[in-house]
Amino acid sequence: MNFFRENLFLVLLTTGTLVACLILVLWSGAIASQIDEVEIADRQDLSDALERLARPPYDNGNTNMAEQNRVEGIRKSLKKVGNENLAWNSRNFKVPQLTMLDGTKRPAFPFDANVWVKNQLADRFLAQYHEQYDAMLASMKPVTPPTEEELAEEIQRWEKTLEQRQRILEKEKTGEDSTQPSAAATGAPRPTAPAPMGAARYNPARIPPEGPSYRTTGSFRTEAEKRAREILRVRKAQSGAVYANDTAFQLEFPRGILIGSSDVNAEKFWNAQVGIWVRSDIVNAINDAIQTAWDQQKLSPNQRNVITSPIKRLVEIKVGDSDPTAKKTAYARRPVEPLMGQEEYSHSYMQRPTGKFSQSPRPTRTTVAPTVRPDTLTQRAPDKIADVVNYEFTVLMPTRHIRLLEKSLLKRNYHVILDMQIDEPDATSSSSGSSRLGGGTQTTTEGLYYYGVEPVSKVIISGQLLLMSDFTRGRWDSEKKQWLREPLMPVENIRELPPAALRTEDRQLIEGRLPQPWNPAAPKPKAEPPRRDTRYGGRRPGYR
């Protein structure tokens with residue numbers, strides 16, 4: 001007790017210090033607990049956010065499965081489109097069947113030179129080749145301008161007609177009865193009294209004169225030629241649907257050509273077959289455009305001819321000659337009237353005479369420098385999906401029907417229009433007739449074309465036809481080691497394709513690692529030797 005009394009101050013100080021420390025500890029613990037609750041809440045939120053970012057395994061599996069299904073769906077759709085494209089090419093482009101010496105038939109492609117030479121298939125191919133073009137031309141209901149023989153016959157007929165008219169006029173002027181023998185022939189005196197008033201006007205045997213006075217010309221040849229050409233041109237134009245002939249097709253094998261065994265070339269025959277496919281599409285597009293225009297106008301059968309046709313003439317078709325990557329020089333552009341700011345005419349249309357029978361002189365064109373055409377719309381070349389065939393064809397037609405021809409062409413197979421040129425027709429093929437050009441008469445065949453009263457233009461269309469590679473180069477099944485569809489294109493043509501366009505099976509076919517179609521002597525792929533099982537030291541289980 002004495003200790004506490006003597007050290008009361010120290011005891012109180014120590015007790016107060018302990019109490020203060022206890023209070024501080026309790027207070028700091030309460031604050032710490034509040035801070036921990038806030039931090040724990042923040043950390044919990046952060047943990048939840050990280051958990052949401054790191055999805056559970058079943059969420060990743062569902063997402064991956066959905067993406068996989070989407071990719072598989074796209075692949076199936078692409079495969080379906082490819083099969084439909086292949087079926088479309090196969091349905092529209094047929095390969096001719098050739099009869100061999102033993103009587104059996106064999107398709108012309110795949111090509112085998114030995115079989116062709118042994119069975120003389122080149123001549124049979126050419127026979128069918130020309131038959132197809134004959135049928136193609138006949139489907140157009142073609143018409144050609146009058147021949148020289150037809151023109152000479154018509155001129156002779158008109159000379160006799162004009163001579164007959166001249167004799168009738170002379171008899172009417174002298175007062176003779178055109179229906180009775182002349183006075184000189186019967187010996188009777190020539191009548192002196194004038195003919196009754198109005199007799200010549202109502203005489204049914206009289207034909208009114210046309211053109212210049214026949215009494216002053218002294219010859220009917222010039223007038224007969226003029227009338228014969230005009231009438232024969234119109235008559236011919238009314239006898240068909242479009243001007244066309246064999247020369248427009250630019251055949252790879254012209255008629256009358258002989259093929260020897262040394263001339264049997266796979267590349268030439270394949271190009272000829274592709275030419276048939278391309279030209280048939282173009283001809284069918286022209287026929288469809290003509291028929292559609294006639295149906296829209298509701299013309300009767302006797303009105304459906306060149307004069308009412310939207311396409312007047314097929315000039316030419318070129319296949320495989322155009323290069324889409326090259327720049328071409330265009331034809332001189334069509335002149336524009338001065339009202340549009342292009343002074344290409346030396347004659348002003350604003351100063352034409354206004355009289356009823358006045359005629360303004362023909363405008364003369366100044367020289368227009370040829371322009372350089374820009375690159376085509378697409379630079380597409382053969383690839384692993386499709387082979388590209390370039391073509392170009394020229395027609396004469398009114399420009400208002402161009403859209404109809406485009407639609408008819410694009411709906412057939414897979415055509416792409418690269419470029420189009422519109423120019424004036426040649427001077428000798430003008431629709432006004434060459435007999436009127438220069439005020440004289442021309443005897444060229446071009447002047448005998450007649451297109452009607454509507455002005456025509458020369459339209460040159462450059463395009464591409466896409467042939468599916470599975471159709472031309474075949475389809476190979478790597479699992480079954482066999483051709484699902486044998487390649488039609490000869491190996492010589494496949495070698496000419498760009499390297500980027502070659503598929504794996506194309507390279508193997510060129511290298512001889514795949515069986516050649518229709519050629520049993522071709523090298524076959526070597527069978528791989530059986531692999532040795534090394535799991536048990538080369539010994540089968542159960543054996544020592």
Side-chain angles (χ1 to χ4, degrees), residues 134 137-169 207-214 217-249 286-287 290 293-294 299-316 359 362 394-398 424-458:
D134 291 340
L137 183 62
S139 68
M140 304 181 69
K141 298 179 181 179
V143 62
T144 57
T147 62
E148 295 296 333
E149 293 77 9
E150 293 173 338
L151 183 61
E153 183 179 354
E154 189 70 18
I155 291 175
Q156 185 179 4
R157 184 182 301 109
W158 269 102
E159 282 182 331
K160 293 180 180 180
T161 302
L162 295 177
E163 289 176 359
Q164 180 68 18
R165 289 179 178 179
Q166 177 67 16
R167 287 194 297 269
I168 294 174
L169 291 176
I207 301 178
E210 299 181 17
S213 175
Y214 302 120
T217 57
S219 174
F220 306 105
R221 182 70 182 181
T222 303
E223 184 67 19
E225 286 183 359
K226 178 181 178 181
R227 297 194 180 191
R229 291 172 64 88
E230 293 297 330
I231 292 178
L232 205 56
R233 288 166 65 238
V234 177
R235 186 185 305 163
K236 276 285 189 176
Q238 293 175 341
S239 63
V242 61
Y243 285 109
N245 53 26
D246 285 342
T247 58
F249 290 131
I286 293 175
N287 293 340
I290 294 175
W294 283 344
L299 298 177
S300 59
N302 59 348
Q303 294 177 326
R304 302 191 175 198
N305 48 46
V306 174
I307 301 176
T308 59
S309 174
I311 301 173
K312 309 296 184 180
R313 179 181 174 187
L314 173 61
V315 180
E316 64 177 359
Q359 295 182 357
R362 293 176 59 87
T394 305
V395 294
L396 295 183
M397 61 183 299
E424 290 183 348
D426 299 333
T428 54
S429 62
S430 174
S431 61
S432 60
S434 61
S435 60
R436 302 177 184 269
L437 296 177
T441 301
Q442 300 182 13
T443 59
T444 59
T445 306
E446 290 289 340
L448 297 176
Y449 287 95
Y450 181 71
Y451 308 123
V453 297
E454 187 175 6
V456 298
S457 301
K458 180 167 65 174

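Worth knowing before you read on, the calculation uses all heavy atoms, side chains too, and leaves out hydrogens, waters and symmetry mates.
- By the neighbour-count criterion of 12 heavy atoms within 6.0 Å, atom CD of Gln303 is densely surrounded, having more than that number from other residues, nucleotides or ligands.
- For the pair Leu162/Glu223, a side-chain contact is recorded, criterion being any heavy-atom separation below 4.5 Å from C-beta on.
- Between the Arg313 side chain and the Val395 main chain, no donor and acceptor come within less than 3.5 Å of each other.
- Under the 3.5 Å distance criterion, the side-chain polar atoms of Lys312 are matched with a main-chain donor or acceptor of Ile307.
- Distance CD1/Ile155 to CD/Glu150: 12.0 Å, rounded to 0.5 Å.
- Interatomic distance, OG of Ser457 versus CE of Met397, reported as 9.0 Å (0.5 Å rounding).
- Taking the side chain as every heavy atom from C-beta outward, Phe220 and Glu163 approach each other to under 4.5 Å.
- Side-chain contact check for Ser239 versus Asn305: every heavy-atom pair is 4.5 Å or farther apart.
- For the residue pair Ala293 and Pro310, the shortest heavy atom distance occurs at CB-CG, 3.5 Å.
- When all heavy atoms are compared, the tightest approach of Val242 to Leu314 is CG2-N, 4.0 Å.
- Between Lys236 and Leu448 the shortest side-chain heavy-atom distance does not fall below 4.5 Å.
- Contact check on Glu225 versus Arg221 returns a salt bridge, with a Lys/Arg side-chain nitrogen under 4.0 Å from an Asp/Glu carboxylate oxygen.
- Using a 4.5 Å heavy-atom cutoff, the side chains of Arg167 and Gln164 are in contact.
- Closest approach of Ala224 and Trp158 over heavy atoms only: CB-CB, 3.9 Å.
- Inspection of the Gln238 and Arg235 side chains reveals no N or O donor paired with an N or O acceptor under 3.5 Å.
- Across all their heavy atoms, Leu232 and Pro146 have their closest contact at CD2-CB, 3.4 Å.
- Checked against Ser309 for a side chain to side chain contact (heavy atoms under 4.5 Å, CB included), the options Tyr451, Trp294, Tyr243 give a single hit: Trp294.
- Looking at Lys458 and Leu396, their side chains come closer than 4.5 Å, going by heavy atoms from C-beta outward.
- Taking each heavy atom of Arg233 and Glu230 in turn, the nearest pair found is NH1-OE1, 3.0 Å.
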For residues 137-144, please give each side-chain donor-acceptor pair under 3.5 Å, one per line with the distance, not counting sequence neighbours.
from	atom 1	to	atom 2	distance (Å)
Ser139	OG	Met136	O	2.6
Ser139	OG	Asn287	ND2	3.3

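- One finds a salt bridge joining Glu154 and Arg157 here, because a Lys/Arg side-chain nitrogen approaches an Asp/Glu carboxylate oxygen to under 4.0 Å.
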